[in-house]
Novice: 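So that we are looking at the same thing, I have put the structure below in structure tokens.
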Protein chains: 2
Amino acid sequence: MSTPSMPAGRKPRADAERNRARVLATARALFGEHGEAVQMPEVARAAGVGIGTVYRHFPTRQALVEAAAEQRFGEILEFAETDCLREPQAGQGLRRYLRHVGEVLAGERGLSAALAAAVGSEAPRGEMLARLERAVGALIEQDRAAGAVRGDVTVDDVYLVVAGLSGIIRTGSGDWSRFADLLFEGLRPRSGRPGA
Amino acid sequence: MSTPSMPAGRKPRADAERNRARVLATARALFGEHGEAVQMPEVARAAGVGIGTVYRHFPTRQALVEAAAEQRFGEILEFAETDCLREPQAGQGLRRYLRHVGEVLAGERGLSAALAAAVGSEAPRGEMLARLERAVGALIEQDRAAGAVRGDVTVDDVYLVVAGLSGIIRTGSGDWSRFADLLFEGLRPRSGRPGA
DNA sequence: CTTTTTCCGGAATCGGATTCCGCTTCCGAT
DNA sequence: ATCGGAAGCGGAATCCGATTCCGGAAAAAG
């Protein structure tokens with residue numbers, strides 16, 4: 001009862017966390033480079049630990065993939081909160097955000113699948129998701145004020161856009177940039193824009 | 001040297017084709033109902049043949065899935081050529097086409113993955129694809145003439161839209177209908193439209 | 001320095017796709 | 001109608017990769 005910041009359990013072993021981190025980092029690198037097809041044994045070997053260890057920290061391949069994805073989530077979130085929200089270029093916030101997401105996804109092929117899996121399933125990190133949602137909501141608000149997006153655009157719409165983008169990139173169905181433009185165009189208000 | 005209309009091979013056995021058809025039909029039904037997760041043994045059993053037979057006709061699960069998808073391709077193609085092109089409702093051709101595709105995909109969950117795989121990979125049926133492309137091209141032309149779509153929209157754009165739609169539906173990331181609307185909106189020309 | 005607790009490693013297990021091969025059925029010629 | 005052999009059939013066996021299990025090792029606690 002010395003560190004009240006722990007509701008349950010006793011203590012996290014030192015080297016355990018080190019391993020967890022090593023595995024996650026390795027996985028992240030491999031997934032990014034060779035796509036989601038990398039196998040568990042591969043990860044274990046590359047990380048210099050036994051398969052059992054990998055499974056101890058990530059009960060499932062899926063879990064590992066999601067964990068890796070979450071890191072990137074974090075980075076995207078930060079980008080949204082920092083760059084996009086701090087430097088509002090006349091309603092270009094959402095566009096910049098989406099383009100960034102596209103670039104990240106395109107850069108690390110395997111991530112797209114991970115994102116889809118992560119978002120498509122449960123609520124792995126309600127916390128982070130919540131922050132992201134808030135940030136995106138702010139972006140929408142900001143762009144809307146600048147007359148750059150329709151009034152009925154919601155956070156869910158942005159979700160859809162990201163999901164679609166993810167799909168296109170993952171399956172390499174074509175020029176994702178063009179796709180992003182189409183979508184963005186779809187979010188803009190009809191005919192020029194009235195107010196500033 | 002009796003039937004010169006055969007470049008290679010001799011003759012397709014009677015019951016063989018029957019089985020092939022049976023398997024394909026069964027697979028199609030199962031994939032549509034339970035998604036792409038259905039297993040080979042399942043298909044074999046349901047079709048009333050041995051696993052070996054399934055593999056004789058479709059060397060790979062992937063191949064089977066693609067074959068099943070192709071059938072639907074055919075139906076979609078027909079819809080495009082018949083309904084959409086025959087009854088031009090003031091530039092609503094593309095919209096109807098896309099909505100139909102969405103409905104088909106949503107109706108048979110497993111199909112989305114199949115489509116993605118089929119389109120994403122090679123050119124399984126250059127013939128059918130070509131026809132589809134022609135039909136879509138015509139739809140674009142038609143709608144463009146009615147001022148319903150931008151002048152720079154291409155067949156590839158429609159591909160992108162379908163691919164995106166497919167991704168959304170497969171991963172169940174949200175309301176595909178809304179997504180379709182967004183995309184369609186993105187294809188329309190800027191600011192209302194003067195003519196009819 | 002023990003005891004207790006948490007981890008580690010990797011062999012074994014499990015599930016599902018794919019291969020292999022002896023047996024059967026169909027085709028075409030006799 | 002019959003025969004020889006190619007084309008198919010069935011399904012057991014094999015292969016592969018994810019996941020489980022458990023005895024030994026290492027770290028935290030006393």
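Within every chain, numbering begins at 1; the chains are lettered A, B, ... in the order of the sequence lines, protein sequences first and strands thereafter.
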Novice: Test of understanding: with salt bridge (Lys or Arg N to Asp or Glu O under 4.0 Å), list the residues that count as partners of R150(B), not counting sequence neighbours.
Specialist: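 R150(B) satisfies salt bridge (Lys or Arg N to Asp or Glu O under 4.0 Å) with D152(B) once adjacent residues are dropped.
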Novice: Partners of E141(A) by side-chain contact (heavy atoms from CB on, under 4.5 Å), sequence neighbours excluded?
Specialist: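 With neighbours one apart ignored, the set is R144(A).
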Novice: Could you list the donor-acceptor pairs under 3.5 angstrom formed by side chains in residues 22-35 of chain B, with sequence neighbours left out?
Specialist:
| residue | atom | partner | partner atom | Å |
| --- | --- | --- | --- | --- |
| T26(B) | OG1 | R22(B) | O | 2.8 |
| R28(B) | NH1 | Q71(B) | OE1 | 2.8 |
| R28(B) | NH1 | E75(B) | OE2 | 3.0 |
| R28(B) | NH2 | E75(B) | OE1 | 3.1 |
| R28(B) | NH2 | E75(B) | OE2 | 2.6 |

Novice: What is the distance, to the nearest angstrom, from the CD atom on E36(B) to the C1' atom on dA17(C)?
Specialist: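 Atom-to-atom, E36(B) to dA17(C), this comes out as 15 Å.
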Novice: So which protein N/O to nucleotides 28-30 of chain C N/O distances come out below 3.5 Å?
Specialist:
none

Novice: Over how many whole Å does the gap from L64(A) atom CG to dT19(D) atom C1' extend?
Specialist: 13 Å
Novice: Could you run down the sub-3.5 Å N/O contacts of the protein with nucleotides 22-26 of chain C?
Specialist:
| residue | atom | partner | partner atom | Å |
| --- | --- | --- | --- | --- |
| dT25(C) | O2 | R13(B) | NH1 | 3.2 |
| dT25(C) | O2 | R13(B) | NH2 | 3.2 |
| dC26(C) | O4' | R13(B) | NE | 3.3 |

Novice: Return the residues of residues 45-55 of chain A meeting this criterion: a heavy atom under 4.0 Å from some atom of DNA chain C. Order them by number, or give none.
Specialist: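 The stretch gives V49(A), G50(A), I51(A), G52(A), T53(A) as the residues lying under 4.0 Å from the strand, ordered by number.
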Novice: Return the set of residues passing salt bridge (Lys or Arg N to Asp or Glu O under 4.0 Å) with E42(A) (not counting sequence neighbours), or none when no residue passes.
Specialist: R45(A)
Novice: Output all residues satisfying salt bridge (Lys or Arg N to Asp or Glu O under 4.0 Å) with R95(A), sequence neighbours left out; order by chain, then residue number.
Specialist: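 Testing R95(A) for salt bridge (Lys or Arg N to Asp or Glu O under 4.0 Å), a comparison that skips the adjacent residues, returns D181(A).
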Novice: Return no unless some side-chain N or O of N19(A) is found under 4.0 Å from OP1 or OP2 of dC8(C).
Specialist: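 Yes, such a contact exists.
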Novice: At under 4.0 Å, does any side-chain N or O of H57(A) touch on OP1 or OP2 of dC8(C)?
Specialist: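 Yes, H57(A) has a side-chain N/O under 4.0 Å of OP1/OP2 on dC8(C).
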Novice: Tell me every residue that passes side chain to side chain donor-acceptor pair (under 3.5 Å) with E17(B), counting only those two or more places apart in sequence or in another chain.
Specialist: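 Expected list: none.
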Novice: Applying side chain to side chain donor-acceptor pair (under 3.5 Å), can you list everything that pairs with Q39(A), at least two apart in sequence or on another chain?
Specialist: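 Q39(A): no side chain to side chain donor-acceptor pair (under 3.5 Å) contacts found.
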Novice: Starting at atom CD of E42(B), determine the distance to atom P of dG15(C), rounded to an integer number of angstrom.
Specialist: 14 Å
Novice: What salt bridge (Lys or Arg N to Asp or Glu O under 4.0 Å) pairs are there with at least one residue in residues 155-167 of chain A, not counting sequence neighbours?
Specialist: D157(A)-R178(B)
Novice: Answer with base, sugar-phosphate or nothing: what part of the nucleic acid does R61(B) contact at a heavy-atom distance below 4.0 Å?
Specialist: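 Answer is sugar-phosphate: R61(B) comes under 4.0 Å of backbone atoms only.
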Novice: Could you check whether the rings of H100(B) and F79(B) sit parallel, tilted or perpendicular, using 30° and 60° as the cut-offs?
Specialist: parallel
Novice: Roughly how many Å is it from CD in E17(A) to C1' in dT6(C), rounded to a whole number?
Specialist: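 Going from E17(A) (CD) to dT6(C) (C1'), I get 13 Å.
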Novice: Under the salt bridge (Lys or Arg N to Asp or Glu O under 4.0 Å) rule, collect the residues that match up with E133(B), sequence neighbours excluded.
Specialist: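 Testing E133(B) for salt bridge (Lys or Arg N to Asp or Glu O under 4.0 Å), a comparison that skips the adjacent residues, returns none.
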Novice: Look at the side chain of Q39(A) and decide which nucleotide, out of dC8(C), dA18(D), dG8(D), has an atom nearest to it.
Specialist: dA18(D)
Novice: Assess the side chains of T53(B) and R20(B): does a donor N or O sit below 3.5 Å from an acceptor N or O?
Specialist: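 T53(B) vs R20(B): no donor-acceptor pair found between side chains.
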Novice: Would you mind reading off the distance between M40(A) atom CE and dT13(C) atom P, rounded to a whole angstrom?
Specialist: 22 Å
Novice: Take the protein atom CZ of R56(B) and the nucleotide atom P of dA7(D), then report the distance between them rounded to whole Å.
Specialist: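 About 10 Å, once rounded to whole Å.
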Novice: Among dG8(D), dA18(D), dT18(C), find the nucleotide with the atom closest to the side chain of A16(B).
Specialist: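 Given the options dG8(D), dA18(D), dT18(C), the side chain of A16(B) is closest to dG8(D).
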